[in-house]
Amino acid sequence: MNTRLGMEIELYENQVLNLTIETPERFAEVVYNVSKQVEGEEGDFILSDIEKELSLERKAIMVSNPLMVNCNEKKFYPNFIRICQRQSQKITQKNLQA
């Protein structure tokens, strides 16, 4: 959520969110603020799980260029492996139940 920009977005597991920001100035502002918060600085965005505020620094990864993602990055790799393991388990359970 960002009250200053009037944005409230709900994120759902296994769903892709497309956010369109039409003005270049506003887009630059959003990207700048989110990237600074991911780096641990204060910012305008609030990430929460129901009523509990979460840290963007701990819960988010900023990918500004998907072609340049470093898969060995300390913050990225464990999350990527965890997601792959969960998906693999779900698929295996689904196949066993079929």
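- For the side chain to side chain contact (heavy atoms under 4.5 Å, CB included) test, residues two or more places apart in sequence or in another chain that qualify with Y32 are K36.
- Shown here for E42 and Q37, the closest heavy-atom pair between the two residues is C-CG, 4.0 Å.
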What side-chain donor-acceptor pairs closer than 3.5 Å can you find for residues 84-94, not counting sequence neighbours?
from: T92; atom 1: OG1; to: S88; atom 2: O; distance (Å): 2.8

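- When the side chain to side chain contact (heavy atoms under 4.5 Å, CB included) test is applied to T23, the partners found at least two apart in sequence or on another chain are E25, R26.
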